[in-house]
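Counting from 1, the numbers follow the sequence of the chain as shown.
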Amino acid sequence: MSDKLRILLTGFGPFPGAPYNPTQPLVARLAQLRRPALDDVALSSHIFPVTYAAVDRQLPDVLAAQKPDALLMFGLAARTPYLRIETRARNAVTMLWPDATNTRSAKRGIVGHADAMMFGPHSARLLRAARLTGIDARPSRDAGAYLCNYLSWRAIEHVKAGGPRLAAFIHIPLLARSGAVRRKGAGRITLEDLVDAGEAMLMEIVGLARKARNAEVS
């Protein structure tokens with residue numbers, strides 16, 4: 001088991017304005033995938049409560065426990081009808097929207113006056129993999145200023161500190177509980193579409209993480 005490539009999949013729970021978060025069923029479906037290409041891969045998953053304190057407490061714990069080679073994170077962008085592959089995390093926190101414990105940030109930045117941090121060139125590879133499934137996927141330079149951006153920032157910090165070799169964040173649209181799109185005119189992406197695109201991105205990040213591990217060994 002210790003020799004297996006380890007991939008951690010994460011999503012979020014409900015939060016104010018979003019009592020149903022489709023990242024939960026998506027992550028559950030991806031974590032249950034059984035493919036020959038995943039025979040040497042250990043998939044694990046974690047659902048974060050939508051609070052700043054939970055991210056700060058749970059992210060280091062789950063990384064220490066799972067020791068993933070790569071981290072593939074999903075979050076909800078309720079007003080975006082397409083898939084967004086985030087390319088960076090901004091040093092920004094909203095002071096307007098409370099988290100799930102009704103806590104508001106007391107500052108507009110995450111750390112001092114630091115610039116945005118990039119996920120890396122692998123974001124383009126994930127975008128291409130998603131698009132090849134036929135889904136409407138687009139790159140994004142703005143992960144917002146809420147928990148998705150906050151988790152992205154903290155994850156990149158861990159990558160830079162020698163944690164996972166790779167990290168990526170994907171924003172998905174809001175779906176009805178049945179898997180159908182909730183709003184008329186908001187696009188036709190279903191949960192099954194997201195699972196297909198998620199699998200393609202997972203396979204891509206598995207290949208990239210395997211190559212990175214082999215490069216360190218050789």
Is Ile156 linked to Val62 within one hydrophobic cluster, defined over Ile, Leu, Val, Met, Phe, Trp and Tyr using a side-chain heavy-atom separation of less than 4.5 Å? yes
- Without swapping roles, check the side chain of Arg210 against the backbone of Leu5 for a donor-acceptor pair under 3.5 Å. no
Note: Pro25 and Tyr20 closest approach over all heavy atoms is CG-OH, 3.5 Å
Hey, quick one: are Met203 and Leu43 part of the same hydrophobic cluster, counting side-chain heavy atoms closer than 4.5 Å, chains of contacts allowed? yes
According to a 4.5 Å side-chain heavy-atom criterion applied to Ile, Leu, Val, Met, Phe, Trp and Tyr, with indirect links allowed, do Ile7 and Leu38 form part of one hydrophobic cluster? yes
Judged by atom type as modelled, is there a donor-acceptor pair below 3.5 Å linking the side chain of Arg131 to the main-chain atoms of Ala137?
-> yes
Are the side chain of Asn149 and the backbone of Ala89 linked by a donor-acceptor contact shorter than 3.5 Å? no
Can you check whether Thr190's main-chain N or O pairs, donor with acceptor, with Asp193's side chain at less than 3.5 Å?
yes
When rounded to the nearest 0.5 Å, the distance separating OG1 of Thr80 from NE2 of His171 is 7.5 Å
Discussion item. For residues Leu147 and Leu63: do they belong to one hydrophobic cluster (side chain heavy atoms under 4.5 Å, members Ile, Leu, Val, Met, Phe, Trp, Tyr)?
Written reply: yes
* Asked: Would you say Val195 and Met201 are hydrophobically clustered, going by side-chain heavy atoms of ILVMFWY under 4.5 Å?
  -> yes
Handout entry: Polar side-chain atom of Thr10 near backbone of Ile47 as donor-acceptor pair, under 3.5 Å
Key = no
Exercise for the section: Could you check whether the rings of Phe169 and Phe12 sit parallel, tilted or perpendicular, using 30° and 60° as the cut-offs? Expected result: tilted
One should read off an interatomic distance between Leu71 CG and Leu166 CG, to the nearest 0.5 angstrom, of 10.0 Å
From the list Gln24, Glu192, Glu199, side-chain hydrogen bond (donor to acceptor under 3.5 Å, both in side chains) partner of Arg29 resolves to Glu192
Sorted by chain and residue number, the ring pair (Phe, Tyr, Trp, His ring centres under 6.0 Å) partners of Phe119 (sequence neighbours excluded) come out as none
Applied to residues 54-74, the ring pair (Phe, Tyr, Trp, His ring centres under 6.0 Å) test, sequence neighbours excluded, yields none
Show me the donor-acceptor pairs within less than 3.5 Å that the side chains of residues 120-130 make with the rest of the protein, sequence neighbours left out.
{"unit_1": "His122", "atom_1": "NE2", "unit_2": "Ala167", "atom_2": "O", "d": "2.8"}
{"unit_1": "Ser123", "atom_1": "OG", "unit_2": "Gly120", "atom_2": "O", "d": "3.3"}
{"unit_1": "Arg125", "atom_1": "NE", "unit_2": "Glu204", "atom_2": "OE2", "d": "2.9"}
{"unit_1": "Arg125", "atom_1": "NH2", "unit_2": "Glu204", "atom_2": "OE2", "d": "2.8"}

| said: With a 3.5 Å distance limit and no angle check, can you tell me whether Arg6 reaches the backbone of Lys67 through a side-chain donor-acceptor pair? | reply: yes
Tightest non-hydrogen contact, residues Gly13 and Asn21, listed as O-ND2, 2.9 Å
Electrostatic pair Lys160-Glu157, nearest N-O below 4.0 angstrom
no
So CZ of Arg154 and CG of Asp56: to nearest 0.5 Å the spacing works out to 5.0 Å
To the nearest 0.5 Å, atom CG of Leu83 lies from atom CD1 of Ile135 at 5.0 Å
For this session: May I ask you to check whether over 12 heavy atoms, not counting those of Asp115, lie within 6.0 Å of atom CG?
Result: no
Notebook entry, point to check: Under 3.5 Å, is there a donor-acceptor pair between the side chain of Arg88 and the main chain of Arg141?
Noted result: yes
Kindly say whether Thr51 contributes a backbone atom to a donor-acceptor pair with the side chain of Asp99 at under 3.5 angstrom? no
Donor-acceptor under 3.5 Å (Asp136 side chain, Tyr82 main chain):
no
query = Does Arg79 reach the main-chain N or O of Ala77 with its side chain, forming a donor-acceptor pair under 3.5 Å?
reply = no
